[in-house]
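Labels below follow one simple rule: chain letters A, B, ... track the order of the sequence lines, proteins then strands, and each chain is numbered from 1.
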Protein chains: 2
Amino acid sequence: MNKVDADQVVASQLRAVSQRYTNNRRRLVSILLSSSKPLTINQILEVDQGLAQSSVYRNLVVLEEAGSVVRIITNDDHARYELAENILEHHHHIICSPCGEIIDFHLADHVESTLEVSLQEIADQLGFTLDNHRLDLIGTCSSCNSS
Amino acid sequence: MNKVDADQVVASQLRAVSQRYTNNRRRLVSILLSSSKPLTINQILEVDQGLAQSSVYRNLVVLEEAGSVVRIITNDDHARYELAENILEHHHHIICSPCGEIIDFHLADHVESTLEVSLQEIADQLGFTLDNHRLDLIGTCSSCNSS
DNA sequence: GCAATAATGAGAATCATTCTTATTATAAAT
DNA sequence: ATTTATAATAAGAATGATTCTCATTATTGC
């Protein structure tokens, strides 16, 4: 999605939870939009050194509550953030366990839809209401493999 | 897997990393084996009040390094632990986001194998070596739904 | 048995994240 | 436009799960 469209989606999502689309929040969305992968707080602070750490934390919480941002937790003690799937598209993650790096990928359509049918059945059986699913591949990236 | 077999697997995994299968570690394995779901540190300490918190943390790290235990991180600030898949069987998790509760489930065999083929292809394309995959369903359990 | 080495546990230290609060910016109404 | 009310900001303090330290205790090999 391009910047203008993304801004419109975020603006309306924020409005829906009575939050403003302030300058700081625009900067966050812009940073996440131009990244092809989920970023840690520290990575965000490196990209835009004018941002205050506490504001970044708070605003990412607000954006998450609005449904514009998703927080991804891996095993390496630093949460990572990316734009939600109504902005980026549904996708999954492949995670390098040595270095913590994450890359987005898409599943072939027929695999994705087969999977979704199965998952819905399972949720029904267990009495769960389903919000979404996460599929993560855990492995080692080529650069960690060669070092 | 029954207790005797699980003990044997863990014993040999610990031996392989030059660690002892001590009494405290046996108690942890036993607790995890008799639980049908991943447990937090606090839940473990409630079940066996004789264990020291610091030892539980340390021993779970040792067991994780040995490949006997897996640490699961959700969004609720408490890691959960369960036995690895060579002891329990490959499975996935359905997570209740309001209360953090996790339940194990299995995918139908044909769905699981279709998925695995696709995932391997993707990892190959991206130059990753694949260790395993995680599939989590995020939703709301029936008891959270009714309250 | 006796070193030598590893495990234990109590409490201190760490560090990502959240909270507090005074200040600043924004929006609504007149 | 100015005022007023409300929300956002940012610096630093507080929180809390996890990790580290180290003196003590247990275990292994000789």
Subject >> Atom pair distance, as rounded to whole Å: CG in B:Leu51 and P in C:dA10 >> reply: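 Whole-Å distance recorded here is 11 Å.
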
**OP:** Could you tell me whether the side chains of B:Glu112 and B:His91 share a donor-acceptor contact shorter than 3.5 Å?
**Re:**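 Looking only at side-chain atoms, B:His91 and B:Glu112 do not form any donor-acceptor pair under 3.5 Å.
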
**OP:** Choose from C:dT8, D:dT18, C:dT18 the nucleotide whose nearest atom is closest to any side-chain atom of B:Arg25.
**Re:**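 Nearest listed nucleotide: C:dT8.
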
Subject >> Remaining members of the apolar cluster that contains A:Ile138, side-chain heavy atoms under 4.5 Å >> reply: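 Same cluster as A:Ile138: A:Val70, A:Ile72, A:Ile95, A:Ile102.
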
**OP:** Would you classify B:Arg58 as touching base, sugar-phosphate or nothing, given that sugar-phosphate means primed atoms plus P, OP1 and OP2, and contacts are heavy atoms under 4.0 Å?
**Re:**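 If one applies the 4.0 Å heavy-atom cut-off, B:Arg58 turns out to touch a base.
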
Subject >> For atom CD1 of B:Ile44 and atom C1' of C:dG9, their distance in whole Å >> reply: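 Answer to the nearest Å: 17 Å.
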
Subject >> side chain to side chain contact (heavy atoms under 4.5 Å, CB included) evaluation trace for B:Glu65 with B:Val61 >> reply: CA-CA 6 Å; B:Glu65 284 169 354; B:Val61 169; 3.7 Å; yes

Subject >> Sidechain N-carboxylate O distance under 4.0 Å for B:Glu82, B:Lys37 >> reply: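 Here B:Glu82 does not pair with B:Lys37 in a salt bridge, since their nearest N and O are not under 4.0 Å apart.
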
Original post:
Which residue, B:Asn23 or B:His78, contacts DNA chain D at a nucleotide closer to its 5' end, judged by nearest heavy atom?
Top reply: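 Per heavy-atom nearest nucleotide, the more 5' residue is B:His78.
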
Subject >> Set of side chain to side chain donor-acceptor pair (under 3.5 Å) partners for B:Asp48, sequence neighbours left out >> reply: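 For B:Asp48, the residues satisfying side chain to side chain donor-acceptor pair (under 3.5 Å) (neighbours in sequence not counted) are B:Arg27.
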
Original post:
Looking only at side-chain N and O atoms, does A:Thr22 come under 4.0 Å of OP1 or OP2 in D:dA8?
Top reply: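 Negative; the distance criterion is not met.
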
Original post:
How close or far is atom C1' of C:dC15 from atom CD1 of A:Ile41, stated in whole angstroms?
Top reply: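 Atom-to-atom, A:Ile41 to C:dC15, this comes out as 14 Å.
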
**OP:** Consider the side chain of A:Arg20, meaning its heavy atoms from C-beta on, and name the nucleotide among D:dT27, C:dA27, C:dT17 that approaches it most closely.
**Re:**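 Nearest to the side chain of A:Arg20 among the choices is C:dA27.
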
**OP:** Would you mind reading off the distance between A:Gln53 atom CD and D:dA11 atom C1', rounded to a whole angstrom?
**Re:**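 So the two atoms are 11 Å apart, to the nearest Å.
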
Original post:
So what does B:Ser54 hit on the nucleic acid, given a heavy-atom distance under 4.0 Å: a base, only sugar-phosphate, or nothing?
Top reply: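 Since a base atom lies under 4.0 Å of B:Ser54, the category is base.
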
Original post:
CZ of A:Arg27 versus P of D:dT9: gap in Å, rounded?
Top reply: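 Spelled out: CZ on A:Arg27 to P on D:dT9 is 10 Å.
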
**OP:** Taking only the side-chain nitrogens and oxygens of A:Asn59, find out if one of them lies under 4.0 Å from OP1 or OP2 of D:dT9.
**Re:**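 A:Asn59 to D:dT9 OP1/OP2: side-chain N or O found under 4.0 Å.
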
**OP:** Could you state the atom-to-atom distance from CD of A:Glu65 to P of C:dT18 in whole Å?
**Re:**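 For the pair A:Glu65 CD and C:dT18 P, the rounded distance is 10 Å.
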
**OP:** Just compare D:dA17, D:dT18, C:dT8 and give me whichever is closest to any side-chain atom of B:Asn24.
**Re:**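 Between D:dA17, D:dT18, C:dT8, the one nearest the side chain of B:Asn24 would be C:dT8.
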
Original post:
When you measure from the side chain of A:Ala52, which nucleotide among D:dA11, D:dA8, C:dT17 comes out closest?
Top reply: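 Comparing D:dA11, D:dA8, C:dT17 against the side chain of A:Ala52, the answer is D:dA11.
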
Original post:
Which whole-number value in Å describes the distance from B:Leu60 CG to C:dT8 C1'?
Top reply: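 Spelled out: CG on B:Leu60 to C1' on C:dT8 is 15 Å.
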
Subject >> Residue mapping more 5' on DNA chain D - nearest nucleotide basis, B:Arg71 or A:Gln19 >> reply: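 Its nearest nucleotide being more 5', the pick is A:Gln19.
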
Subject >> A:Tyr57 OH - D:dG16 P separation (whole Å) >> reply: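 Going from A:Tyr57 (OH) to D:dG16 (P), I get 16 Å.
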
